[in-house]
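In what follows, chains are A, B, ... by sequence order, proteins preceding strands, each numbered from 1.
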Amino acid sequence: MPSAKTQPARGMRDFLPVDVRKREYVIGVIKSVYERYGFEPLETPAVENIETLMGKYGEEGNQLIFKILKRGEHEKTGEADLALRYDLTVPLARVVGQYQNELPKFFKRYQIQPVWRADRPARGRFREFYQCDVDVLGSRSMVVEAELIAAASDALVALGFNDFVIRVNHRQVLIGLGDRAGIRHDHIEPALTTIDKLDKIGVEGVEKELSARIGPTSTTKLVDFFRELASLDQAADIASEEASAMKEKALNAAILGRLVEFVGDHEKGSRGVEDLRSIIELSEGTSAARRIRLDPSLARGLSYYTGAIIEINVSDLTGSLGGGGRYDNLVGMFLGKDVPACGFSLGLERIIVVMSEREMFPPELISSPADVMVTIWNEDSIAESIALATELRREGLRVDLYPEADKMGKQFKYASSRGIPFVLILGDDERAHGELAIKNMKSGEQIRLPFELLKTSPQRNVQHADDQTVKSKRNIEALLKWLRNGSKAGEAGDSIKPGA
RNA sequence: GCGGCUAUAGUUCAGUUGGUUAGAACGCCUGACUGUGGAUCAGGAGGUCGUCGGUUCAAGUCCGACUAGCCGCCCCA
């Protein structure tokens, strides 16, 4: 039989148990932080009607949407009527349009689900990937921005990150900058994507590219502005090497000052600058305070942003760990009436890439399929092993039962290879004495404990007499105690988690 | 979508100017060990050299296309 290709489709991945454990761990941490901020869970279908998605992400986005051909007789035409969702924000806007009257005045939701983009795969970039979104609908207050930034920051801190930078900018400020520099309106978009590359290609690179796109006069004005910002940064570096918190604060203040100067009385632009000022002030008491960094060169590709835009970066990742912003007009595209909204999305895959490379995952996460493994001595003792496993499971332990009456060596080797810290043996000798042998796989220590349960038949075990229950309980307790103490002695046992 | 690099055992990699039967380490399996993993020793299995085509008496080696991966560009979580 010819073997079919076993790789998953390009840009898609299988998740083996270790991978799933990592993912569930990260998702669990993020979820609990989000809930701590009062966000509620939402889920939406993988597939949306194609017109729901088209035209929401800009030119580039449209091309990256995975489209689903019409079924049946229309199949040949190549026409698509459905598509896989490209992000979680547009589906949210649709949901708000649909259930407006059933949702609270301020709808705070989180959503952790996969999205699909027909992008070219790269490090930390896949065609199917999870986003961890939080959004607040119904308020124009900058308190929302501050809360979202704080939540994302808390989540990353809870995962063990300490070196991320939260870059913040504002679409209206960008428009103000463009107008003041005299850029034609249809040139603003390309100018922004060029400016966004500032940290990558440097001022000279930007100057060159801008000049080609928008002409020399506007370019000079803009580039001079960003040159000045860069010199502010350097000055701050020299001024306060030690107190980085102070540096950030001073630098943000200086950038705000320059923005006010440059934008002047430009209506949209100056309002945007005030928004930025509010966000920084409101974030003062949060975990994000000393990580926020105003960055007038931040643009972000998605076309639906209208106000603040936010991105979180770490130095060892080219892309971002997450991003978001305000999109006050998106819901209006579904509802006919604008609902203010702002959201942020953490990229699960990128978080995992960085955490894996930095070895930030708790060690017991990597391999701890079970707390203890019960061996099977021979065909005749299978029932006793099952009874023992059952009893321990009832106590909340994660118990692996070796499925075959293999040689002991094989069973031990198996337990060892899976990193299971304790192995239980019910051999002829143990059973003859009503005992049970426990081996600590880390230390090699092995002891025996009396075990009344073994004297009862498996059938009766389910509903054994009261005194036997008591004895059995006592023995289980002794066993659990040993497992726990053993776990303190050997490092392996950190993964022992008796039922809570 | 564009440019560069890479593809040999489960894994990491050797493999000479093209030349018989493609190697190592680690891992895996079996045994020494008829009640015990990790250590040691002995043995064993495992490769259509990414795929297809071309050059040649002869291709893992040279050429082309395709596929997958890595790095840049573009874009993004």
Please write out each protein N/O paired with an N/O of nucleotides 29-34 of chain B under 3.5 Å, distance rounded to 0.1 Å.
residue	atom	partner	partner atom	Å
B:rU30	OP1	A:Lys410	NZ	2.9

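Using modelled atom types, one finds a donor on one side chain and an acceptor on the other under 3.5 Å when comparing A:Tyr57 with A:Asp87.
For the pair A:Met12 CE and B:rA68 C1', the interatomic distance rounds to 15 Å; values are reported in whole Å. Counting to the nearest Å, the P atom of B:rA77 and the CZ atom of A:Phe126 are 15 Å from each other. Atom CZ of A:Arg117 and atom C1' of B:rC74 are 15 Å apart (whole Å). In this structure, A:Trp116 atom CH2 and B:rC76 atom P are separated by 21 Å, rounded to whole Å. At whole-Å resolution of the value, CG in A:Leu64 and C1' in B:rA77 are 13 Å apart. In this structure, the CD1 atom of A:Ile420 is 16 Å from the P atom of B:rG37, given to the nearest Å. In this structure, CG of A:Asp119 is placed 16 Å from C1' of B:rG69, rounded to the nearest angstrom. Rounded to an integer number of Å, the gap from A:Asn440 CG to B:rG37 C1' is 12 Å.
By the salt bridge (Lys or Arg N to Asp or Glu O under 4.0 Å) test, A:Arg23 is found to be paired with A:Glu349, residues two or more places apart in sequence or in another chain being considered. Under the rule for a salt bridge (Lys or Arg N to Asp or Glu O under 4.0 Å), A:Arg393 has no partner lying at least two apart in sequence or in another chain. With sequence neighbours excluded, the residues that form a salt bridge (Lys or Arg N to Asp or Glu O under 4.0 Å) with A:Lys108 are A:Glu147. With sequence neighbours left out, the ring pair (Phe, Tyr, Trp, His ring centres under 6.0 Å) criterion links A:Phe225 to A:Phe262. Residues that satisfy the salt bridge (Lys or Arg N to Asp or Glu O under 4.0 Å) test with A:Asp380, not counting sequence neighbours, are absent from this structure.
Counting only Watson-Crick and G-U wobble pairs whose two key distances fall under 3.5 Å, RNA chain B forms stems of three or more stacked pairs at B:1-7 with B:67-73, B:10-13 with B:23-26, B:28-32 with B:40-44, B:50-54 with B:62-66.
Which of B:rA77, B:rG35, B:rU36 sits closest to the side chain of A:Lys439 comes down to B:rU36. Considering only the side chain of A:Ser416, B:rG37 comes nearest among B:rA77, B:rU36, B:rG37. Taking every side-chain heavy atom of A:Met441 into account, B:rG37 is the closest of B:rA77, B:rG37, B:rG35. The nucleotide whose nearest atom lies closest to any side-chain atom of A:Gln446 is, among B:rA77, B:rU36, B:rG35, B:rU36.
Considering all non-hydrogen atoms of both residues, A:Gly272 and A:Val173 come closest at C-CG2, 3.4 Å.
In the interface, the side chain of A:Gln411 is not paired with the base of B:rG35 through any donor and acceptor atom under 3.5 Å apart.
Using a 4.0 Å heavy-atom distance criterion, A:Tyr130 is classed as making no nucleic acid contact. Here A:Leu321 lies in heavy-atom contact (under 4.0 Å) with sugar-phosphate atoms only. Using a 4.0 Å heavy-atom cutoff across all strands shown, A:Gly444 reaches at least one base atom of the nucleic acid.
The separation of B:rA9 from B:rA14, taken at their P atoms, amounts to 12 Å, rounded to a whole angstrom. Going from the P atom of B:rA45 to that of B:rA22 covers 14 Å, rounded to whole Å. Rounded to whole Å, the separation between the P atoms of B:rU55 and B:rA59 comes to 11 Å. Distance noted for atom C1' between B:rC2 and B:rU17: 36 Å (whole Å). Here, B:rA42 and B:rC57 have their C1' atoms 44 Å apart, quoted to the whole Å. Distance check on atom P: B:rG69 versus B:rG27 gives 29 Å, rounded to whole Å. Across the P atoms, B:rC52 and B:rU48 are found 11 Å apart, a figure rounded to whole Å. B:rU11 and B:rG53: their P atoms are spaced 25 Å apart (whole Å).
Screening residues 42-51 of chain A for salt bridge (Lys or Arg N to Asp or Glu O under 4.0 Å) gives A:Glu48-A:Arg94 as the qualifying pairs, with residues at least two apart or on separate chains.
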Please tabulate, for the side chains in residues 156-165 of chain A, all donor-acceptor contacts under 3.5 angstrom to protein atoms that are two or more places apart in sequence or on a different chain.
residue	atom	partner	partner atom	Å
A:Asp163	OD1	A:Arg358	NH1	3.2
A:Asp163	OD2	A:Arg358	NH1	3.4
A:Asp163	OD2	A:Arg358	NH2	2.9

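Between A:Val134 and A:Tyr37, the closest side-chain pair of non-hydrogen atoms is not below 4.5 Å.
The 12-atom threshold is exceeded at NZ of A:Lys67, counting heavy atoms of other residues, nucleotides or ligands nearer than 6.0 Å.
Stacking of A:Phe129 onto the six-membered ring of B:rA77 is present: less than 5.5 angstrom between centres, less than 30° between planes.
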